[in-house]
Asks: 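Shown below is the structure under consideration.
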Amino acid sequence: MNGQDSTEIQYVKGIGPVRAAVLKKIGIDSLQKLLYYFPFDYLDRSRITKIIELPKLVEPGNEVTVIGSVFRSEVKYTRNRKKIFFLTIKDETGYVTCVFYGAVDWFQKAFEVGEILAVSSVPELDKYNRVQFVHPEFDRLKTKDEEDETDWNSLLHTGSIIPKYSSGEELRNAGLDNRGFRRILKNAINNNLNSLTEHLPREILQRNTLLDIYSSIKMIHFPKSYAECDHAVRRLKFDELFYFQLLMAYRKRELKGELKGIQFKLERTLTAKLKESLPFELTGAQDRVIQEIHNDMQQPVPMNRLLQGDVGSGKTIVALFAMLTAIENGYQCALMAPTEILAEQHWRSIRNFLKDIPVNIRLLVGGQKKKLREDVLQDIRSGTANIVIGTHALIQEHVQFANLGFVVIDEQHRFGVSQRALLREKGKQNPDVLVMTATPIPRTLSLTVYGDLDVSVIDELPKDRKQIRTAVRFEKDKAKIFDFVRTEVKKGRQAYVVYPLIEESEKIDLKAATKEYEYLSGKIFPEYTLGLLHGRLSSEEKDDMMQRFKKNEIQILVATTVIEVGIDVPNATIMIIENAERFGLSQLHQLRGRVGRGAEQSYCILLTDENYTKRTLQLAVNRAEAHREVNVTKKRLETMVETNDGFKIAEVDLELRGAGEYFGTRQSGLPGFRIANIVTDADILRAARTEAFALVERDPHLTRTENKNIRKEFEFVFKDLLSFVRVG
Ligand code: ADP
Ligand code: MG
């Protein structure tokens, strides 16, 4: 897009003031924005199904498109006098009926016999085994009286490709359905393309074999072939990724170049003791990563490092080595965790690791008694607290450190960018920062998301670990599952039973878990002690419950998703997840990661409703969407059964959800990409990154003539984000 003044779009042929006003509502208020309103898909001849072929396509459940004319439209009544609308479409090979149960009056008016539609849906069978479409999506290609020189003709006879634009009710009412958009975009491209400016210098275009901006815009809307379309898309994706990487380059430059950090020395007085006293040997990956962190710590610039490692890979101990090094140099450390349960756990386990090492470790969470809290705050202020572990409570204003030198943020994806920054700012000098995450990010992606951080990866689990066995089971299997739990508990093991967040309201959530807890403890496992853990318990109650579970005073812990992240009880070997179909993939992986943390064989049982598919389809208004949902759910559960590898799981998850949702745009500080896909476009991403970083080296202030337009464009794209960086 472009940083120029917006031009009135109402003067584009076919728009006018009324449509301009409607367009403005969806954010199209300039010619540039109109030209950047890309098609979401294309219709082409090779992807159109003949009606006669539909019966063969019922089983696979895939979406198909047919093109035909409206043959008949009629309303019928059911026995209990509900209206149903039937629309029959005809092509040269046969007839197919579309059924609409809702908004019957509207649909009845919407179609006219003789007009030509493209209809997309999943073909299904009606009760007489005839193929039908239920609530299909449709795209009007030609009205009844329109002259025959339009899209649809050229589509069928010359094989050209027709763009599809997303629209909405209000847009449609203003004549801006698919067809309307095709018209105005055609006009805008014919008459107003010069409202854009080429912003990339020729050498960058040439080096990366990119189309110029004018051809790209023209071809993404009206490609003559798929090759043209791909070429255009590649250029436009490059733009998005390039400016994003440019932002990363400036952030990194700023972090590295201008700030003065603490130059730690490796004294090894405390770390050597810790290494000696560990009950296990560090893995090669842990050793390597500790070294990477120690290297950073010795540099005069502040460290900003991301530590990535799958659930159970042993990140905590790595952080502890780094913190001890900071303490050897006379600095304080802070470790922030997203939940109280996790903060308490870290506090206990770190105290345990350091029981023979003279280090003062304090815990700060909400809901502590006033006296204790005052005491903790005093220790932080005076500097007698060497390690401070806590939740968000750590970033409150009245928490003042004497000399904070090292910051660890655990499960960093649970925090926003600003929360991380706030903790860093508690240091009088610029502390070194280590952020840790178990949400594994496909390698190519860490460049994009953490482009301004250095990344360390623990890619190896401790030796003693066995693969967790995972299975999908149903309600009818429960008796067997309970027997299995009994066998394991008799061997001395423990189990989790987890309930999903069923409603937004924690109350209902709690009710399901409470009911199950009562049932399990009263009827199924009267001989064992069960616990119920949920978000409404006070922090003391939660801590107490976790302690008892850790000591095996509780054998079976029924819980809501409060236990999702970080919890470490190596003796627990069974994870039962109720309504597994309701969880996201990364969440399932996190939950499963609560077992398999010791040497024993562990199991994960995904319970799901055997009628899930049927029910989902029955309840659905939009069949195509329901089919997609069912397939996605299936794929999630299959993936869990197939693999324990967090990276693979993350890749599938990204594929299923799309990057925007995966990262939560706001959380990650990641801009929403309109057409680039940071997973599948890894090669374009790398090219864009190389160019962006080289550019900042070459012309840091973007003052050279050939880069002036880059600067304008950059400021335009990131006008909301630029407080992060100073260009040059
Ligand atoms: P995560 O990376 O998921 O945060 P933790 O740091 O909680 O993992 O470690 C998981 C468990 O593995 C803990 O009980 C920890 O003490 C143990 N652990 C860590 N490193 C090793 C190792 N090298 N060998 C054996 N067990 C280890
Ligand atoms: Mg952890």
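In listed order, ligands and their atoms are each counted from 1. FYI, side chains are in, hydrogens and waters are out, and symmetry mates aren't considered; it's all heavy atoms of this structure. Note that the structure is a prediction, hence the values are computed from the model and not measured.
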Asks: Which of the numbered atoms in ligand 1 are under 4.0 angstrom from any heavy atom belonging to E281?
Replies: 22 (C), 23 (N), 24 (N)

Asks: Between R348 and D543, does the salt bridge (Lys or Arg N to Asp or Glu O under 4.0 Å) criterion hold? Intermediate values first, please.
Replies: CA-CA 10 Å; R348 284 179 195 285; D543 187 38; 2.7 Å; yes

Asks: Looking only at protein heavy atoms, which one is nearest to atom 6 (O) of ligand 1, and what is the separation?
Replies: T316 OG1, 2.7 Å

Asks: Step by step, work out the side chain to side chain donor-acceptor pair (under 3.5 Å) result for R592 and T470.
Replies: CA-CA 9 Å; R592 177 169 62 183; T470 304; 2.8 Å; yes

Asks: Going by an N to O cut-off under 4.0 Å, is there a salt bridge joining R288 and D459?
Replies: yes

Asks: Ignoring hydrogens, just give me the one of E411, R465, R597, Q308 whose non-hydrogen atom is nearest atom 17 (C) of ligand 1.
Replies: R465

Asks: Of all heavy-atom pairs between G646 and H589, which one has the smallest distance, and what is that distance?
Replies: CA-NE2, 3.4 Å

Asks: Would you call A438 a ligand 1 contact, heavy-atom distance under 4.0 Å?
Replies: no

Asks: For atom 20 (N) of ligand 1, grab the closest protein heavy atom and report residue, atom and distance to one decimal in Å.
Replies: Q286 NE2, 3.0 Å

Asks: Please state which protein non-hydrogen atom is closest to atom 9 (O) of ligand 1 and give its distance, to 0.1 Å?
Replies: G314 CA, 3.6 Å

Asks: In plain terms, say whether K480 and D483 are close enough for a salt bridge, that is, a side-chain N and a carboxylate O under 4.0 Å apart.
Replies: no

Asks: Students should be able to answer this: which protein heavy-atom is nearest to atom 3 (O) of ligand 1, and at what distance?
Replies: G312 N, 2.6 Å

Asks: Please determine if K648 and E651 form a salt bridge, counting it only when a charged side-chain N lies under 4.0 Å from a carboxylate O.
Replies: no

Asks: Check the pair T608, E581 against side chain to side chain donor-acceptor pair (under 3.5 Å), reporting the backbone distance first and the verdict last.
Replies: CA-CA 6 Å; T608 176; E581 74 277 356; 2.7 Å; yes

Asks: How long is the gap from CG on D432 to CE on M323, to the nearest 0.5 Å?
Replies: 13.5 Å

Asks: So which heavy atom in the protein is nearest atom 24 (N) of ligand 1, and how far is it from that ligand atom?
Replies: P462 CB, 3.4 Å

Asks: Short list, please: which atoms of ligand 1 are under 4.0 Å from a heavy atom of L282?
Replies: 23 (N)

Asks: As an exercise, identify every atom of ligand 1 less than 4.0 angstrom from a heavy atom of F353.
Replies: 16 (O)

Asks: Any idea which protein heavy atom is nearest atom 1 (P) of ligand 1, and the distance to it?
Replies: K315 NZ, 3.4 Å

Asks: Atoms of ligand 1 less than 4.0 Å from T283 heavy atoms?
Replies: 23 (N)

Asks: What protein heavy atom is closest to atom 14 (O) of ligand 1, reported as residue, atom name and distance in Å?
Replies: D568 OD2, 2.6 Å

Asks: Do the charged groups of D375 and R362 touch, with an N to O distance under 4.0 Å?
Replies: yes

Asks: Tell me whether G309 reaches ligand 1 (any heavy atom closer than 4.0 angstrom to a ligand atom).
Replies: no

Asks: Going by the atom numbers of ligand 1, which of them fall below 4.0 Å from some non-hydrogen atom of V311?
Replies: 3 (O)

Asks: So which heavy atom in the protein is nearest atom 22 (C) of ligand 1, and how far is it from that ligand atom?
Replies: F280 CD1, 3.3 Å

Asks: Is D287 salt-bridged to K275, cutoff N-O under 4.0 Å?
Replies: yes

